[in-house]
Amino acid sequence: MSQQFVGINGEQTGLGFTNRDQGAKVEEDQGLIDFKIITNDGTHDSMKMLIDLKNIFARQLPKMPKEYIVRLVFDRNHESMCIIKDNIKVIGGICYRKYPSQRFAEIAFLAITATLQVKGYGTRLMNKFKEHIQKQDVEYLLTYADNYAIGYFRKQGFYQEIKMQSDRWKGFIKDYDGGTLMECYVHPTIDYGNISDLIREQKQQMIDIIKKLTLNDRVYPGLDKQNYKVENSNSDKPAVKPESIQGILESGWTIDDYNELKKQKEKTFMISCQQIIDTMRKHKSAWPFLDPVNKDDVPDYYDVITDPIDIKTIEKKLQSNQYTSKDLFIKDVKRIFINCRNYNQPDTIYYKCANELERSIDDYLKKLKDEQQIPGVSKKIKKTNNK
């Protein structure tokens, strides 16, 4: 899940929000798109744009009765903000009604042409609308959103919790069956027209402050590998004392951090191995390998197989922390099948069971092998004197 910054107005202003608004803003600055407030004033240009906008609403809001869309779009109590592309084509817009005495506005319809919905026009349209409505002394925006639109409105700062006093809006707007009433507070001092620039400036200021409080820009030489010799070791201690490495203590690191990480990874290792054991035990072909081979039943088995192993023994070794590396665990599991094939002929049921069980857990073993090495099982580094 990506990180998001929730703005003072409730916008989920993550990087996506900023980029979407900025992309459309660039087109606006270049004169490729424009935003116009249109009313049914009877002029030819206004009527043409309202018809185009009505058609977009009808296509993008198929569940909304077309007669109802026509009535509101051309109602003289309603206004529309249209996005005009290349000075001639309406590509989307908002139809709304203001209630000046109550200081709120209701959004009736909002839609963008389907082929242009990924270009950030919807985000830019809402920001331009807030910028416009802010100048009209409107304090709140209300809208009824269906299930498909709730996510969009949340990203634009709308909430399902209505904070405006009910006597300001009840009786003024119509209830819609199947819709969710949502509200947005229009902050009087936010520059909605340049909100993406504002967010980037805030982000840069935070980065500058963090840099002053941290040492991330300081580079230390680290370990000189020429002065160290590497050996395999199963020691429970770190290969090198972390506090001896320049910059470690300055970063705020403590040995408790290492011990906590070690416990977490050891727990993850134990869980992964136990899952493999449980998977094997439940498999239909596991029955010959569940317990050690009984010498009374197979007298010469231990003469042929000098390093016997079975699922029960592997589980005991895991629970007693005898597996200091994933390679040792994987080696024991594979030895079950190697021993079986060494003792039994290919046409026996035991040989076939070994093949089937091995195939069933092969992916699990590969996944375990790809996981990070458990802490405490490391390479021992000894300092040498090359002088």
Side-chain angles (χ1 to χ4, degrees), residues 1-7 9-24 33 35 38 50-75 78-83 85 89-97 104-130 132-133 140-164 169 173-186 192 195-196:
M1 192 172 179
S2 62
Q3 293 291 328
Q4 287 188 330
F5 169 77
V6 179
N9 197 35
E11 295 90 348
Q12 295 180 9
T13 50
L15 184 60
F17 175 94
T18 306
N19 289 343
R20 288 191 298 271
D21 179 78
Q22 184 63 23
I33 60 172
F35 298 84
I38 308 298
L50 289 177
I51 291 173
D52 291 343
L53 183 60
K54 177 265 299 182
N55 291 336
I56 292 174
F57 289 152
R59 286 193 298 269
Q60 300 304 121
L61 308 171
K63 294 184 179 181
M64 192 67 66
K66 291 181 173 58
E67 298 81 3
Y68 184 64
I69 294 175
V70 171
R71 180 156 60 87
L72 293 195
V73 169
F74 291 98
D75 176 30
H78 284 72
E79 300 176 355
S80 297
M81 173 178 278
C82 297
I83 309 179
K85 191 172 182 64
K89 185 178 181 181
V90 176
I91 62 172
I94 296 177
C95 178
Y96 62 96
R97 179 175 178 175
F104 80 89
E106 178 192 13
I107 297 176
F109 312 117
L110 186 153
I112 304 292
T113 299
T115 56
L116 300 174
Q117 289 182 357
V118 296
K119 293 182 176 293
Y121 293 137
T123 299
R124 188 61 185 161
L125 173 64
M126 181 58 73
N127 287 333
K128 292 295 291 186
F129 176 63
K130 289 177 183 178
H132 166 74
I133 215 73
Y140 287 96
L141 299 176
L142 293 179
T143 191
Y144 273 94
D146 61 23
N147 291 335
Y148 297 103
I150 288 176
Y152 165 80
F153 281 107
R154 280 178 177 165
K155 292 177 182 178
Q156 310 304 323
F158 284 74
Y159 284 94
Q160 293 170 239
E161 179 185 0
I162 309 303
K163 296 183 179 180
M164 182 170 52
W169 60 271
I173 65 174
K174 179 182 176 181
D175 291 332
Y176 293 90
D177 293 335
T180 300
L181 183 62
M182 303 187 74
E183 172 194 274
C184 177
Y185 172 64
V186 182
Y192 289 105
I195 194 167
S196 56

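Fair warning: this is a prediction, and the values are worked out from it, not measured in the lab. Numbers for residues simply follow the sequence, beginning at 1.
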As an exercise, state the distance from [atom1] of [X] to [atom2] of [Y], rounded to the nearest 0.5 Å.
| X | Y | atom1 | atom2 | result |
| --- | --- | --- | --- | --- |
| F129 | Q156 | CZ | CD | 12.0 Å |
| M182 | Y159 | CE | OH | 9.5 Å |
| L53 | C82 | CG | SG | 4.5 Å |
| I195 | K128 | CD1 | NZ | 13.0 Å |
| L110 | L61 | CG | CG | 8.5 Å |
| F104 | I133 | CZ | CD1 | 11.5 Å |

Would you indicate whether the side-chain heavy atoms of [Y] and [X] approach each other to under 4.5 Å?
| X | Y | result |
| --- | --- | --- |
| M81 | L125 | yes |
| F57 | M64 | no |
| F109 | I94 | no |
| K174 | Y144 | no |

Minimum heavy-atom distance [X]-[Y], with the two atoms named:
| X | Y | result |
| --- | --- | --- |
| I112 | G93 | CD1-N, 4.5 Å |
| W169 | L181 | CH2-CD2, 3.6 Å |
| V186 | L141 | CG2-CG, 3.8 Å |
| I33 | A24 | CD1-O, 3.4 Å |
| M164 | E183 | N-OE1, 2.9 Å |
| A111 | I56 | CB-CG2, 4.1 Å |

Heavy atoms from other residues, nucleotides or ligands near NZ of K85 exceed 12 (cutoff 6.0 Å)
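Yes, enclosed.
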I'd like to know if the side chain of [X] reaches the main chain of [Y], judged simply by a donor and an acceptor atom lying under 3.5 Å from each other, with no hydrogens or angles considered.
| X | Y | result |
| --- | --- | --- |
| Q160 | T180 | no |
| N55 | I51 | yes |
| Y152 | G122 | yes |
| K54 | F74 | no |

Can you sort out the partners of K89 under salt bridge (Lys or Arg N to Asp or Glu O under 4.0 Å), two or more places apart, ordered by chain and number?
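Applying salt bridge (Lys or Arg N to Asp or Glu O under 4.0 Å) to K89 gives none.
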Quick one: sort the Y140 and Y185 rings into parallel, tilted or perpendicular, breaks at 30° and 60°.
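Ring orientation, 0 to 90° scale: tilted.
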